[in-house]
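Structure, as structure tokens:
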Amino acid sequence: MTEKTIPLLPCRTELIQSVVDFYAALGFETTHLQKSPYAYAVVERGAVELQLYGMKDYDPASSHSSCYVLTADVDGLHAAFRSGLKAAYGRIPTRGLPRIGPLKDMSYGVRQFLATDPTGNTIRVGQVISGGGEEEPATAPKETFARALHMADLFADSKQDYPGAAKIIDRVLKLEDEQPTPAQRVRLLVLRGDIAQRLGDAEGARGWLEEAASVQLNSEERETAHDALARLSDLRG
């Protein structure tokens, strides 16, 4: 097959240069850039090509534009993207625009992260792990806390419904007849702290993250909660 799909993503006209700079930080080469008579850019990284077109009144804050990139090395790309962003911005942006999200094993069989450019386009980068694929429906687990994590992740990252995700976590953490495993508790608390930060609640975020850091984990539990612990370090750093 010789066919190729190339995502076309909207961009607020005056932000075209900052968007191109963002992708350059991720290791993309700018193969075309024009600012008149209309804004248009093409960026490429290996086989991945994105084209960006300017819109004068485009609102980055309300953007839902995205595309999915499948890779065989999601951990490597996540590390490379973070390194490039830190070099370009002097820090790793985890909130606002632009930003890069945490690396997570999703319950529907994909290990993924999200990177969002200065104009609100979200690039989802994922790797199929054992028994899954991004084309499969996101079937929620039945166990109480696994289901809560699954649903809260979807609300926070896929729908960007932060209040909805917070409500899910708050409800299960208040349960008295069931308790999460230590690793589940850490994952729930870190995600709750992350959401609080995204909502601008710095004091609340600090409390959730301090509680997460206080959970005692054995070596096996630390391995299970590895991604959440890495995110905890980012958020507290």
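In this chain, residues are counted from 1 in sequence order.
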Gap separating the CZ atom of R192 from the CD1 atom of I168, nearest 0.5 angstrom:
11.5 Å
Listed once per pair and sorted, the side chain to side chain donor-acceptor pair (under 3.5 Å) pairs that draw on residues 225-237, sequence neighbours left out:
R82-D234, R111-D227, D194-R231
Taking E143 for its side chain and F145 for its backbone only, find out whether a donor-acceptor pair lies under 3.5 Å.
yes
Given a cutoff of under 4.5 Å between side-chain heavy atoms of I, L, V, M, F, W and Y, with clusters grown through shared members, what are the other residues clustered with Y38?
L8, Y40, V42, Y53, M55, Y58
Over all atoms of both residues, closest heavy-atom pair of L85 and P93:
CB-CD, 3.9 Å
From CA spacing to verdict: side-chain contact (heavy atoms from CB on, under 4.5 Å), I92, I100:
CA-CA 8 Å; I92 299 172; I100 185 168; 3.7 Å; yes
For side-chain contact (heavy atoms from CB on, under 4.5 Å), just list the numbers for N121 and L52, CA-CA rounded to whole Å, side-chain angles, deciding distance to a tenth of an Å, and then say yes or no.
CA-CA 10 Å; N121 297 307; L52 302 134; 3.8 Å; yes
Test side-chain contact (heavy atoms from CB on, under 4.5 Å) on L189 and E211; report intermediate values, then the result.
CA-CA 7 Å; L189 290 169; E211 186 175 350; 3.7 Å; yes
G120 backbone acceptor or donor facing S63 side chain under 3.5 Å:
yes
What's the verdict on side chain to side chain donor-acceptor pair (under 3.5 Å) for S62 and D59, showing C-alpha distance, side-chain angles and the deciding distance?
CA-CA 6 Å; S62 61; D59 180 14; 3.2 Å; yes
Answer yes or no: is there an ion pair linking R12 with E14, defined by an N-O contact shorter than 4.0 Å?
yes
Taking a hydrophobic cluster as the set of Ile, Leu, Val, Met, Phe, Trp and Tyr residues connected by side-chain heavy atoms closer than 4.5 Å, whether directly or through intermediates, do F155 and L188 fall within one such cluster?
no
Option among L229, L232, V215 that satisfies the side chain to side chain contact (heavy atoms under 4.5 Å, CB included) test with V190:
L232
Any idea how F28 and F81 line up, ring-wise: parallel (<30°), tilted (30 to 60°), or perpendicular (>60°)?
tilted
Over 12 non-hydrogen atoms of neighbours within 6.0 angstrom of CZ in R147
no
Short side-chain to backbone donor-acceptor contact, E221 and N218, under 3.5 Å
yes
Kindly indicate, with the supporting measurements, whether the criterion side-chain contact (heavy atoms from CB on, under 4.5 Å) is fulfilled by V110 and Y68.
CA-CA 12 Å; V110 174; Y68 204 102; 2.9 Å; yes
Closest contact, heavy atoms only, A152 versus A165
O-CB, 3.6 Å
Hey, does the side chain of H78 reach the backbone of G101 with a donor-acceptor pair shorter than 3.5 angstrom?
yes
Tell me whether T116 contacts the main-chain N or O of T122 through its side chain, where contact means a donor paired with an acceptor under 3.5 Å.
no
With a sphere of 6.0 Å drawn around CD of E178, does it hold more than 12 non-hydrogen atoms of other residues, nucleotides or ligands?
yes
Dump the intermediate steps for side chain to side chain donor-acceptor pair (under 3.5 Å) on Y23 and E29, then the final yes or no.
CA-CA 8 Å; Y23 287 106; E29 177 187 359; over 6 Å; no
Taking atom NZ of K4 as the centre, does the number of heavy atoms from other residues, nucleotides or ligands within less than 6.0 Å exceed 12?
yes
Please determine whether a side-chain nitrogen of the Lys or Arg among R206 and D201 lies less than 4.0 Å from a carboxylate oxygen of the Asp or Glu.
no
Joining Ile, Leu, Val, Met, Phe, Trp and Tyr whenever any side-chain heavy atoms lie under 4.5 Å apart, the cluster holding L97 also takes in none
Expected output: side-chain T30 to main-chain H32 donor-acceptor under 3.5 Å
no
